[in-house]
Amino acid sequence: MANPPDEEDDYLTMTFEEPNPSTKKETLTQKKRRQAREAEAKGRPKSKAELAAEEAVKRDEALKTNTLDTSSRGFKMMAALGYKPGTALGATRSEDGDGAAETRLLEPIGLEMREGRAGIGADAENKRKFREEAAAAEEEIKKRKVDEGDFRERQQKEREEKRTEGQVYGAMKVCERLEENEANNHLEGHSVNKPRTETFQSVNVLWRGLVKQRLLQERDRRMRYDLHQSLSRRAENDDPEEDKDDKIALNKSAEIEEVDIDLDQDDEELDEFEILPAADKLARLTTYLREKWHYCFWCKYQYPDESMDGCPGLTEEEHD
């Protein structure tokens with residue numbers, strides 16, 4: 001029996017596999033470059049950020065996996081005692097007994113990784129401190145608002161007090177002017193004009209403080225002037241035979257005419273008036289002006305009679 005002829009190769013249906021580039025043999029230069037890159041990567045230490053990122057990835061992957069390892073010896077021991085995956089171990093936690101909803105854990109308690117190094121209970125303590133600090137900050141804000149309100153109120157009161165003191169000073173000047181006009185008119189009615197011998201104590205207490213302040217300023221001015229003259233005058237220029245009146249006329253004498261007023265003596269009446277609030281002083285002055293001279297301090301006008309027809313009222317608010 002003749003042997004069958006050998007099958008001829010069909011070159012038309014033959015397939016040729018393309019060479020795999022990964023299996024292509026690398027050259028010596030490429031190998032050295034690859035080894036250098038690998039050595040450089042191994043020799044470069046990783047940064048803290050890179051290490052933390054790798055740990056986070058590993059932790060997430062581990063937490064996502066089932067905590068029950070079926071290949072572990074512990075799982076095999078539980079299976080031998082009748083445990084089945086998906087069921088719970090131990091007595092039921094339901095207070096209603098059988099038929100109630102299952103409340104037991106089906107898997108072991110999961111791990112919670114702590115980023116910080118604080119111990120157990122530190123979070124609760126931190127929360128407590130945070131609440132205390134927040135409460136203290138809120139209390140400080142409230143106190144600051146109250147202090148700001150008190151400060152504004154004090155400033156407003158101080159401005160009002162200064163304004164009232166200025167009005168008191170103006171009312172005193174009006175009283176003094178009207179009093180001087182009345183005294184001058186009284187003297188003009190006599191045939192012989194006599195100089196006024198009014199003393200400081202006889203001035204009305206309502207504007208006596210104004211007069212006293214003016215006299216004290218005048219006394220201080222004269223004392224400074226006399227001191228300057230005494231220091232600038234030389235003793236060899238003094239003429240012992242020169243008349244006293246001539247010395248006074250030529251400003252060679254430090255003697256001055258003394259005023260019959262003792263500004264340093266006690267004045268209880270003035271002290272009692274000075275300690276009054278500015279509003280009370282102003283009220284007494286305006287009332288005196290109306291009763292004595294029919295003058296309204298707010299209208300700045302002296303009416304012809306006591307009816308004061310046309311005046312809106314007694315207070316500043318009534319004149320607004």
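Counting begins at 1 with the first residue of the sequence. All of these numbers come straight from a predicted model, not from anything done at the bench.
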Salt bridge flag under 4.0 Å for residues [X] and [Y]:
X    : Y    : answer
E40  : R37  : no
E158 : R154 : no
D267 : R208 : yes
R214 : E218 : no
R163 : E316 : yes
E54  : K58  : no

Exercise. Salt bridge (charged side-chain N to carboxylate O under 4.0 Å, His left out) with K281: which of E272, E161, E274?
Worked result: E274
Problem set entry | Side-chain donor/acceptor of T286 to backbone N/O of A283, under 3.5 Å | yes
Exercise. Can you list the residues that meet the ring-ring contact (aromatic ring centres under 6.0 Å, His included) rule with Y169, with sequence neighbours excluded?
Worked result: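 Checked Y169 against ring-ring contact (aromatic ring centres under 6.0 Å, His included); zero matches.
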Exercise. Going by side-chain heavy atoms closer than 4.5 Å, which hydrophobic residues are tied to M223, directly or by a chain of links?
Worked result: none
Exercise. Where does the angle between the aromatic ring planes of W293 and Y288 fall among parallel (under 30°), tilted (30 to 60°) and perpendicular (over 60°)?
Worked result: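 Ring orientation, 0 to 90° scale: perpendicular.
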Exercise. So, is the end of the K300 side chain (NZ or CZ) under 6.0 Å from the ring centre of F297 and within 45° of the ring's axis?
Worked result: yes
Problem set entry | Stepwise side-chain contact (heavy atoms from CB on, under 4.5 Å) check, C175 with N204 | CA-CA 9 Å; C175 290; N204 194 309; over 6 Å; no
Problem set entry | Closest non-hydrogen atom pair, C296 against H319 |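 The answer is SG-NE2, 3.4 Å.
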For this session: Would you name the heavy atoms of L289 and A171 that are closest together and state the gap between them?
Result: CD1-O, 4.5 Å
For this session: Answer yes if the side chains of Q155 and R152 hold a donor-acceptor pair under 3.5 Å, and no otherwise.
Result: no
Exercise. Does any donor atom in the side chain of S307 or D305 lie under 3.5 Å from an acceptor atom in the other side chain?
Worked result: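 There is such a pair between these side chains.
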For this session: Take K129 and E133 through the salt bridge (Lys or Arg N to Asp or Glu O under 4.0 Å) test and state the conclusion after the steps.
Result: CA-CA 6 Å; K129 290 182 179 179; E133 292 176 358; over 6 Å; no
For this session: May I have the step-by-step check of salt bridge (Lys or Arg N to Asp or Glu O under 4.0 Å) for E165 and K162, ending in yes or no?
Result: CA-CA 5 Å; E165 289 176 356; K162 290 182 179 179; over 6 Å; no
